[in-house]
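Below is one structure; the comments refer to it alone.
Naming: A, B, ... by sequence-line order, numbering from 1 per chain. Predicted model, so just to flag it, every value in this text is computed and none were measured.
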There are 2 protein chains.
Amino acid sequence: MAKGNPPPITPAAFQVLLALARGRAHGYGIMGFVSELTGGSVQLGPGTLYRTLSRLAADGLVEEAPDMSEDQPHDARRRYYQLTARGWEAAAREAELIRRLAGAAAEAGLLGRQERSA
Amino acid sequence: MAKGNPPPITPAAFQVLLALARGRAHGYGIMGFVSELTGGSVQLGPGTLYRTLSRLAADGLVEEAPDMSEDQPHDARRRYYQLTARGWEAAAREAELIRRLAGAAAEAGLLGRQERSA
DNA sequence: CTCGTTGTATCCGTAGTGGATATATTCCGA
DNA sequence: TCGGAATATATCCACTACGGATACAACGAG
């Protein structure tokens, strides 16, 4: 599972990691979260989603969670996933890059001139 | 050139648009800018760069600039590009999305807990 | 029991990416 | 001024990610 060199994080993979950073979730829930977060401008199809999940699991960045929903009636179809420690690190690394891009965009005047101290 | 529906902005395309948002530049300069901005974690190969530039130009998001360097000895090889109005809008739209992702990452605790008012 | 919905999984065509290669121009040292 | 290294653009090819279609299992409502 765990590989020596850090595998590259694709855009879709980051969306999944970001969704799971807020807590464990199942595939369908991730789809909804991404669509909602991005206002519908990013929509993961089932193909992309489940293949991405499989690849992230194979790389040891996410792992299947034992399904803890006690208030829900327990849906046997759902498969819950959560971040591993390595997954969290990878997500944080990528998030830092995203933040830098957003900063550069702000400096270039692309954003509505947010208050930026520096 | 200009198309009816807004063409999707690929990751590489956004890097190029972001670089050009700071001012006109030539291909090789864009490569260096992207590599420097991202600390080397993102590197556009020549294939990706020039194909992306061609596609952006065909979509009317960038256009060739007439080369205005007066202090430089004028290098005839260089081809300068700059954003069009539509290119700026597309870049701004994409930058807004990036900013939202960064915000979500911060809320999830992925970033080093930057000061966020809300 | 039956039907529509939820949820997961796989397949396939398309497109973006990255690296190698080719070629022309400029710069610099001998 | 001659030649070689570096700069800069451009194209080609293999690989992989992506998106949509499709299939199928399990749940809930009537």
Side-chain angles (χ1 to χ4, degrees), chain A residues 3 5-17 19-20 24-35 38 40-59 61-65 67 69 71-81 90 94 97, chain B residues 3 5-17 19-20 24-36 38 40-59 61-65 67 69 71-81 90 94:
Chain A
K3 304 197 315 185
N5 49 345
I9 304 297
T10 67
F14 178 68
Q15 303 281 350
V16 171
L17 292 178
L20 290 181
R24 73 182 64 185
H26 60 115
Y28 223 73
I30 295 175
M31 271 195 271
F33 167 77
V34 170
S35 179
T38 64
S41 56
V42 175
Q43 286 183 351
L44 298 183
T48 302
L49 174 69
Y50 290 108
R51 191 180 324 104
T52 299
L53 272 176
S54 299
R55 201 165 49 81
L56 289 175
D59 290 339
L61 300 186
V62 307
E63 62 188 356
E64 198 161 351
D67 184 0
S69 56
D71 48 314
Q72 296 291 79
H74 177 72
D75 192 331
R77 296 170 297 175
R78 295 184 170 177
R79 301 184 62 184
Y80 283 83
Y81 292 90
E94 199 69 11
L97 174 61
Chain B
K3 305 195 316 182
N5 50 346
I9 304 298
T10 68
F14 178 68
Q15 303 282 349
V16 171
L17 292 179
L20 291 181
R24 70 182 66 185
H26 63 276
Y28 222 73
I30 295 175
M31 270 195 273
F33 167 78
V34 170
S35 178
E36 190 175 339
T38 64
S41 55
V42 175
Q43 286 183 352
L44 298 183
T48 301
L49 174 69
Y50 291 108
R51 191 179 323 103
T52 298
L53 272 176
S54 298
R55 201 163 50 80
L56 289 176
D59 290 341
L61 300 186
V62 306
E63 61 188 356
E64 197 163 349
D67 185 358
S69 54
D71 47 311
Q72 296 291 79
H74 178 72
D75 192 330
R77 297 169 297 175
R78 296 182 169 178
R79 304 184 62 183
Y80 284 83
Y81 292 91
E94 198 69 12

Protein and nucleotides 16-18 of chain C: nitrogen or oxygen contacts under 3.5 angstrom:
| from | atom 1 | to | atom 2 | distance (Å) |
| --- | --- | --- | --- | --- |
| C:dT17 | OP1 | B:Thr10 | OG1 | 3.3 |
| C:dT17 | OP1 | B:Ala12 | N | 2.9 |
| C:dG18 | N7 | B:Thr48 | OG1 | 3.3 |
| C:dG18 | O6 | B:Arg51 | NH2 | 2.7 |

(request) Going 5' to 3' through nucleotides 22-30 of chain D, assign each nucleotide B (protein heavy atom under 4.0 Å from a base atom), S (under 4.0 Å only from sugar-phosphate atoms) or - (no protein heavy atom that close). (result) ---BBSS--

How long is the line joining [atom1] of [X] and [atom2] of [N], in whole Å?
{"X": "A:Tyr50", "N": "D:dG19", "atom1": "OH", "atom2": "C1'", "answer": "15 Å"}
{"X": "A:Glu64", "N": "C:dT8", "atom1": "CD", "atom2": "C1'", "answer": "11 Å"}
{"X": "B:His26", "N": "D:dA8", "atom1": "NE2", "atom2": "C1'", "answer": "7 Å"}
{"X": "B:Arg78", "N": "D:dA8", "atom1": "CZ", "atom2": "C1'", "answer": "8 Å"}
{"X": "A:Ile30", "N": "C:dG7", "atom1": "CD1", "atom2": "C1'", "answer": "12 Å"}

(message) If we ignore hydrogens and angles and just use 3.5 Å, is the side chain of A:Thr48 paired with the main-chain N or O of A:Leu44 as donor and acceptor?
(response)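 Flag not set: sc A:Thr48 to bb A:Leu44 has no pair under 3.5 Å.
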
(message) Any side-chain to backbone donor/acceptor pair from B:Ser35 onto B:Met31? Under 3.5 Å, distance only.
(response)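 Not confirmed, B:Ser35 side chain does not pair with B:Met31 backbone.
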
(message) Over 60° means perpendicular and under 30° means parallel, so tell me whether B:His26 and B:Tyr80 are parallel, tilted or perpendicular.
(response)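 Aromatic pair B:His26/B:Tyr80 classed perpendicular.
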
(message) I want to check something: taking the side chain as every heavy atom from C-beta on, are A:Ile9 and A:Leu61 in contact at a cut-off of under 4.5 Å?
(response)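 Yes, their side chains come closer than 4.5 Å.
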
(request) Could you check if a side-chain atom of B:Leu17 sits within less than 4.5 angstrom of a side-chain atom of B:Val62, using non-hydrogen atoms only? (result)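 Of all side-chain heavy-atom pairs linking B:Val62 with B:Leu17, at least one is under 4.5 Å.
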
(request) Considering non-hydrogen atoms only, spot the tightest contact between B:Tyr81 and B:Leu20 and give its length. (result)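 Between these two residues, the closest heavy atoms are O-CD2, 3.4 Å.
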
(message) If you compare all heavy atoms of A:Leu97 against all heavy atoms of B:Val42, which two are closest, and at what distance to 0.1 Å?
(response)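 Scanning both residues completely, I find the closest heavy atoms to be CD2-CG2, 3.9 Å.
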
